[in-house]
Amino acid sequence: DAMVIQNPRYQVTQFGKPVTLSCSQTLNHNVMYWYQQKSSQAPKLLFHYYDKDFNNEADTPDNFQSRRPNTSFCFLDIRSPGLGDAAMYLCATSRILLAGAEQFFGPGTRLTVL
Amino acid sequence: DAKTTQPNSMESNEEEPVHLPCNHSTISGTDYIHWYRQLPSQGPEYVIHGLTSNVNNRMASLAIAEDRKSSTLILHRATLRDAAVYYCILRDMGGFNKFYFGSGTKLNVKP
């Protein structure tokens, strides 16, 4: 089945140690999104890619970066994780960027910062 | 983006219908109404969306008020697997497909 895959499902890192989370998709969708979801909160959009065009949300900290080397893969890099960055990180895709298109979410990566 | 208001939590009995309300009094004429749900330890999943007319699919029905200031997600027969947080999201059809989630409604289904 076509799907959105996130690896690893659980990631532990140390305070200040860079970490990379990965997302891959078999849907061949043009748009990929990264959301942050802290405990008992709703997902919060960090940024998205439309093809290779990157769009950062205004309130996303500089500590968060992203790469999309090809259509299928997208990475979330946290350059210096702080304790406040512990969260579930969700990757999603949609075929097009226009409103009304369904978003397909991966299962998420739960990040723990020690 | 127009704001949505949902009850924090609701409870239902298994095999009974559930009506999940969403208020969006500042909705514009070009806003789609989307519903997603998030089961425990999973990413959100699409449930249904609509613009003006009521919509039905295999998962649920969406009833949209005539003035579009509110909508109701209807699960016709709740099962234990429907226990989740349900999010009502508005998206401008002329804008980008970016989701700004509200707090959602946590649905508890009792056996």
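Each chain gets a letter, A, B and so on, in the order the sequences are listed, and its residues count up from 1. Just so we're clear, the structure is a prediction, and the values are computed from it rather than from any experiment.
Only the side chain of A/Y35 comes within less than 4.5 Å of a heavy atom of chain B; its backbone N, CA, C and O stay farther away.
When the SG-SG distance for A/C23 and A/C74 is compared with the 2.5 Å cut-off, it comes out at or above that value.
Interface summary for chain B: among A/E57, A/R9, A/R110, the most heavy-atom pairs under 4.5 angstrom belong to A/E57. Top candidate by heavy-atom pairs under 4.5 Å with chain B, chosen from A/C91, A/G108, A/A42, is A/A42. Counting heavy-atom pairs closer than 4.5 Å to chain B, the top residue among A/G106, A/P43, A/P107 is A/P43. Between chain A and the options B/E45, B/H49, B/Q42, heavy-atom pairs under 4.5 Å are most frequent for B/H49.
Side-chain N/O atoms of A/S94 and A/Y33 include a donor and acceptor closer than 3.5 Å. Counted by atom type alone, B/N23 and B/S70 present zero donor-acceptor pairs between their side chains at under 3.5 Å.
Taking the six-membered ring for Trp and thresholds of 30 and 60 degrees, B/F101 and B/Y36 have ring planes more than 60 degrees apart, a perpendicular arrangement.
Side-chain contact between A/N63 and A/I78: present, with at least one pair of heavy atoms (C-beta onward) separated by less than 4.5 Å.
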